[in-house]
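Everything below concerns the one structure shown next.
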Amino acid sequence: MNTPPHVFSVRDLWKVFGPKADRVPGDAELGALDAAELRARTGCTAAVRDVSFDVRKGEVFVVMGLSGSGKSTLVRCLTRLIEPTSGEVTMDGEDVLAMNAGRLRELRRHRASMVFQHFGLLPHRSVLDNVAYGLEIQGMGRAERRERAAGVIAKVGLDGLESRRPGQLSGGQQQRVGLARALAVDPEVLLFDEPFSALDPLIRRDMQEEVVRLHREEGRTMVFITHDLNEALKLGDRIALMRDGRIVQLGTPEEIVGSPADDYVRDFVRDVPREQVVTVRAAMRPADSAESVSGPALAPDATVSEAIEAVVRTGETARVVEGGRCLGVVDHACLLGVVAGVPAVKEAV
Ligand SMILES: Nc1ncnc2c1ncn2[C@@H]1O[C@H](COP(=O)(O)OP(=O)(O)OP(=O)(O)O)[C@@H](O)[C@H]1O
Ligand SMILES: [Mg+2]
């Protein structure tokens with residue numbers, strides 16, 4: 001399978017706050033200090049330390065980590081809302097750090113829009129005009145931008161609320177307006193900085209489902225910051241887990257939960273039900289000839305939990321099928337092995 005092209009590529013990125021921040025990235029001794037030692041020695045905070053990754057076209061790339069781990073700083077460096085101290089950032093192959101003010105403005109207005117936790121809506125404007133705001137800044141005429149905004153409002157489920165003011169909306173509705181405003185400019189990438197963390201759990205789940213739906217329908221590239229592991233696992237195609245400014249692991253939810261890179265990650269994912277993340281591709285065993293023709297069929301990326309449901313419902317071993325070919329099967333033993341955290345004994349074929 002070909003890897004899709006990269007939207008963002010980040011190499012050796014550092015962001016250091018504080019006096020003479022420039023000297024930290026190039027200095028191996030300073031760079032090796034932990035946060036407290038570095039602050040004591042230099043008065044500086046290294047919010048992002050030597051980070052490299054690519055965001056692939058069409059993926060939901062999640063940046064996860066505890067408070068203060070550097071998530072917001074990292075994502076703001078992508079569009080230079082925060083100026084990186086050193087390193088490289090490219091978008092669609094173009095050097096972001098070399099862009100002049102005009103080019104950067106165009107990047108932020110047209111190509112990468114941001115959705116914030118605190119919605120940042122204009123209180124005296126209607127929902128419609130808030131959503132149209134980015135288009136107004138772009139210089140689009142009133143009739144056209146209002147028409148475009150109305151379409152996006154319908155897309156995020158705010159029909160009928162066009163003329164309300166933000167103060168007349170619930171938190172979830174306000175966040176939908178924030179989302180609609182970002183979508184209205186039809187950006188190549190949506191950047192979300194913990195957009196749902198102020199919402200109560202049920203509304204939050206609705207909004208997560210909204211993001212999943214939008215992503216499925218439009219295939220738009222998204223970079224999504226969260227400190228909530230469940231949110232990361234639900235939304236992310238890949239997750240970058242940050243600790244103290246570094247990425248300690250970058251992988252699919254299945255890789256992060258199934259093979260944590262170190263004790264920190266292992267501890268982070270300890271309570272995740274594995275069956276909701278591990279896929280049948282990882283759990284299956286080879287089929288014998290009778291098994292390969294009957295039983296419920298599952299796609300290789302179905303979760304073990306979905307497979308358990310199919311096996312219990314039909315009472316049969318389930319087949320893992322891709323392009324009409326049976327790749328293997330999952331039975332009680334393989335599925336229970338995942339739940340219990342022990343690999344099943346592979347039977348000989
Ligand atoms: N303007 C600044 N000046 C000095 N230090 C800063 C500045 N902005 C952020 N920091 C520090 O950089 C580190 C990373 O901050 P950042 O906001 O990126 O974390 P975060 O992972 O987004 O946290 P949260 O989950 O709380 O939003 C923290 O130690 C923070 O105190
Ligand atoms: Mg933050």
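The shown structure was predicted, so the numbers you read here are calculated from the model rather than taken from an experiment. All ligand and atom numbering here is 1-based and tracks the order in the structure.
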| field | Exercise: identify the closest heavy-atom pair between V257 and R274 | value | O-NH1, 3.9 Å
| Which atoms form the tightest heavy-atom contact between V156 and A180, and what is the distance? | CG2-CB, 3.8 Å
| request: Give the intermediate values and the outcome of salt bridge (charged side-chain N to carboxylate O under 4.0 Å, His left out) for residues R11 and D54. | output: CA-CA 9 Å; R11 293 291 173 272; D54 299 303; 3.0 Å; yes
| field | The single option from L250, T252, I256 passing side-chain contact (heavy atoms from CB on, under 4.5 Å) against I239 | value | I256
| remark: Tightest non-hydrogen contact, residues V185 and S113, listed as CG2-OG, 3.5 Å
| query | T226 and side chain to side chain donor-acceptor pair (under 3.5 Å): which partner among E231, Q208, K71? | reply | E231
| field | Cluster check L298, L336: I/L/V/M/F/W/Y, side chain < 4.5 angstrom | value | no
| Should the ring pair F53 and F61 be called parallel, tilted or perpendicular, given that the plane angle runs from 0 to 90° and is split at 30 and 60? | parallel
| What pair of heavy atoms forms the shortest contact from R80 to L97, and how long is it? | NH1-O, 3.3 Å
| field | Protein residues that have a heavy atom under 4.0 Å from any atom of ligand 1, sorted by chain and number | value | F17, T45, A47, L66, S67, G68, S69, G70, K71, S72, T73, E194
| remark: The protein N, O or S atoms lying under 2.8 Å from the Mg ion (ligand 2) are S72 OG
